[in-house]
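Presented below is the structure to which this report refers.
Numbered from 1 within each chain, the chains take letters A, B, ... in sequence-line order.
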Number of protein chains: 2
Amino acid sequence: MNLKELASSLGLSQTTVSRALNGYPEVNPETRARVEAAARAANYQPNSRARRLATGRAMTIGHVITHTGETEMVNPIFADFLAGAGEVYAREGYDLLLSIVHEGAAERAYRQMAANGSVDGVMVQGPRQEDPRIALLQELGLPFLVHGRTGDARGYNWLDIANLRAFRRATEFLLDLGHSRIALINGQEAMDFAARRRRGYEEALRARSITPDESLMYADVMTEGYGHRAAAQLLDRENRPTAFLVSSVISAIGVRQAAWERGLQLGRDVSIITHDDVLSYLNNDAEGPAFTATRSSIRLAGRRCAEILIERIKQPDAPFVHELWEAELMVGRSTGPAP
Amino acid sequence: MNLKELASSLGLSQTTVSRALNGYPEVNPETRARVEAAARAANYQPNSRARRLATGRAMTIGHVITHTGETEMVNPIFADFLAGAGEVYAREGYDLLLSIVHEGAAERAYRQMAANGSVDGVMVQGPRQEDPRIALLQELGLPFLVHGRTGDARGYNWLDIANLRAFRRATEFLLDLGHSRIALINGQEAMDFAARRRRGYEEALRARSITPDESLMYADVMTEGYGHRAAAQLLDRENRPTAFLVSSVISAIGVRQAAWERGLQLGRDVSIITHDDVLSYLNNDAEGPAFTATRSSIRLAGRRCAEILIERIKQPDAPFVHELWEAELMVGRSTGPAP
DNA sequence: GGTTACCTTCAAAGCGCTTTCAAATTTCTC
DNA sequence: GAGAAATTTGAAAGCGCTTTGAAGGTAACC
């Protein structure tokens, strides 16, 4: 059933039927009711391909997700971020176009989206320091929103969490407990968020006149195995750290495992604070084993990012939106006074 | 730059330019070369909205992902499955349309995709027993492929792993090691894969004249916390199980944690076998703490599922494809003789 | 040389909608 | 009750491509 058939079955023109269904005001209420009833009865749905061509809008938002080079790892936080964003898209009538490519192919993916008009805007996640995607999208003139930020962040829309403050605060918390040898198990420091977290950690140490020790800092893709390896190395040193600051619950699980294997008890022999993205399948709440954590829901972030992006697509000339969220420090059972 | 402009700048008709770019044979080789050069120079990309309308093909595949009711949990295996499928889609020129909805809204999402023609086919994941989506898609006449299977599986395309055999095999492995009180920490048994795994487990027990004990079987959404809770309960009984068969590495991490907390060592005091989807961020390999596992890569499955679905979209009348993959049993360090 | 076949190109229709512009009808206004 | 204004509907153009059907130009054949 298409518009033409529906219109002729009603004895009306396509124009009127189209207007009735799209809520235009200049339609007689009775006519509209009649049209709506017929459309429902026939289960009529306007053909989205035709509509998109006619309106010039794709009603689609692009997400380009890259997997990291060698390991081909897909960052698991994307699932929850997408769930949050997807909720909003569905509500607002937008489709979500997902492109999963190798890191090197991302530029081509964005260029293609811009040139062939398959999306109205794109979401950028996990920016690196001086990420080339931002300049590219500015050049292409495609509306976009960055989850995270980098460089001179005034010239585009972003939503970020206060990574530096969160990790400074977490480090201070450990210092207050008497820890002084605190290891940092960070994400790849080419990523902007990881660089900020490291700065927060170092600032807190310096403020207490502790010189940051490079040998206590690790940076890599945040898998469980990485957390385990890094912690194992650190814990087997003669002068081992008494506390760990970790960038992801997944890696923190590896760190915890390494501690257990050495007979060390969390919160007594060794302390862990992790950043917690509140992933739905790794809920770090009262029920399970609760890490002390800086916490900010990636899913809520996804939801809000989608809202902002859609607003910006509708009003391309509005001023840039910058939203900085604080992470809360949740004290769990993985921290305690330095031994 | 659109086709009309490109054509007139070349002094050719739209017809010829379109044909030259789409590889039709009736174009003079010199003309084609000229057109291709000009298109490249102008960075011309055909407008996908127009092309889709004209061809009647969406060049898009839909994935509807549901989050489970109350917990709103998004199954983390989707990220890796999507990565595998996305790779193939990109190669074949298909877009991936992702719809993330509450479980109850899935039917509407499929109906909409079928009615408005935004996709050429859909991927169905995680079928429940007698899943209504299958009948729905058959009725809608939309090509689809099921990852997993259920009910009378002859009438549609599917790719599945041999869940029953894998869990029977794993149970036999534990029985051979002398375990007899083996707990099953399963996924929700409304899911077809979980029901099959349970049958495999029970068959293996019965074959050794052990009556399956309901009190040793748990079934729920496979989070870490669930694994931890279930194992904690079981290990605190007077007559505790000596081995665990777990449906997901994520839950197995919770089980392991519960064991550690009670001073029990894996492979000595308690054994764990888990199913391992080979998620990229939870790699259960030699480096990290390796569980004994039935193993099958969800990412490879995604890749193959995409290939099959695209084949079927291109040839709608070909016979149904049924592909059953064996999971391999990888012996790790989490299993040992019964104490 | 005339007919046929082939190669190459093009004009125009069509995909199924939205939207502009105009027309028909009804309601107001004095 | 005539003219103006408001309300409601429709014809047709257009979105940017693909594809059909026709035609111009060459080569091939007898």
Check your understanding: Out of dG16(D), dT18(C), dT9(D), which nucleotide sits closest to the side chain of V27(A)?
Key -> dT9(D)

Review point. Parallel, tilted or perpendicular: which describes the rings of Y89(B) and H63(B), with under 30° parallel and over 60° perpendicular?
Key: perpendicular

Revision key, fill the gap. With the side chain defined as heavy atoms from C-beta on, E26(A) is closest, among dC10(C), dT8(D), dT18(C), to dT8(D)

Review point. Atom OH of Y24(A) to atom C1' of dC17(C): distance rounded to whole Å?
Key: 11 Å

Review point. Out of dT8(D), dG16(C), dT18(D), which has the shortest distance to the side chain of R51(B)?
Key: dT18(D)

Point to revise | Residue T15(B), side-chain atoms from C-beta onward, closest of dC15(D), dT18(D), dA11(C) | key: dA11(C)

Practice item. Among L145(A), L159(A), N157(A), find the residue that satisfies the side-chain contact (heavy atoms from CB on, under 4.5 Å) test when tested with V321(A). Key: N157(A)

Point to revise | Protein-nucleotide distance (L12(A), atom CG; dT18(C), atom C1'), rounded to Å | key: 17 Å

**Study point:** Between dT18(D) (P) and N47(B) (CG): distance, integer Å
**Key:** 10 Å

Exercise for review: Under 4.0 Å between any heavy atoms, over every strand shown, what does G11(B) touch: base, sugar-phosphate, or nothing? Just pick one.
Suggested key: sugar-phosphate

**Study point:** For atom CZ of R49(A) and atom P of dG14(C), their distance in whole Å
**Key:** 18 Å

**Study point:** Nearest to side-chain heavy atoms of Q14(B), which nucleotide of dC17(D), dT9(C), dT9(D)
**Key:** dC17(D)

Point to revise | Phosphate contact (dC17(D) OP1 or OP2) by Y44(B) side-chain N/O below 4.0 Å | key: yes

Check your understanding: Taking for each residue the nucleotide of DNA chain C bearing the nearest heavy atom, is the 5' side occupied by T16(B) or by T55(B)?
Key -> T16(B)

Point to revise | Phosphate contact (dC17(C) OP1 or OP2) by S18(A) side-chain N/O below 4.0 Å | key: no

Point to revise | Residue L3(B), side-chain atoms from C-beta onward, closest of dT18(D), dT9(D), dG16(D) | key: dT18(D)

Check your understanding: Distance-only, no hydrogens or angles: does the R49(B) side chain make a donor-acceptor pair with backbone N or O of G117(A) under 3.5 Å?
Key -> yes

Review point. What is the nucleic acid contact for T31(B), judged by heavy atoms within less than 4.0 Å: base, sugar-phosphate only, or nothing?
Key: sugar-phosphate

Point to revise | Nearest-neighbour nucleotide for the L53(A) side chain, dG16(C), dT18(D), dC17(C) considered | key: dG16(C)

Review point. Does P25(B) or A50(A) map to a spot on DNA chain C nearer the 5' end, using the closest nucleotide for each?
Key: P25(B)

Review point. Out of L142(A), I61(A), L96(A), D95(A), which residue meets the side-chain contact (heavy atoms from CB on, under 4.5 Å) rule with V119(A)?
Key: L142(A)

Review point. Quick one: the side chain of R19(B) and the base of dT20(D), do they pair up donor-acceptor inside 3.5 Å?
Key: yes

Practice item. Grab the CG-P distance between N22(A) and dT19(C) for me, whole Å please. Key: 8 Å

Practice item. State whether the number of non-hydrogen atoms from other residues, nucleotides or ligands found under 6.0 Å of Q315(A) atom CD is greater than 12. Key: no

Exercise for review: Specify the separation, in whole Å, of atom CG of N116(A) and atom P of dG16(D).
Suggested key: 14 Å

Exercise for review: May I ask you to decide if the ring planes of H67(A) and H102(A) are parallel, tilted or perpendicular, using 30° and 60° as cut-offs?
Suggested key: perpendicular

Check your understanding: Separation of L21(A) atom CG from dG16(C) atom P, in whole Å?
Key -> 17 Å

Review point. Atom CG of N2(A) and atom P of dG14(C): how far apart are they, to the nearest Å?
Key: 14 Å

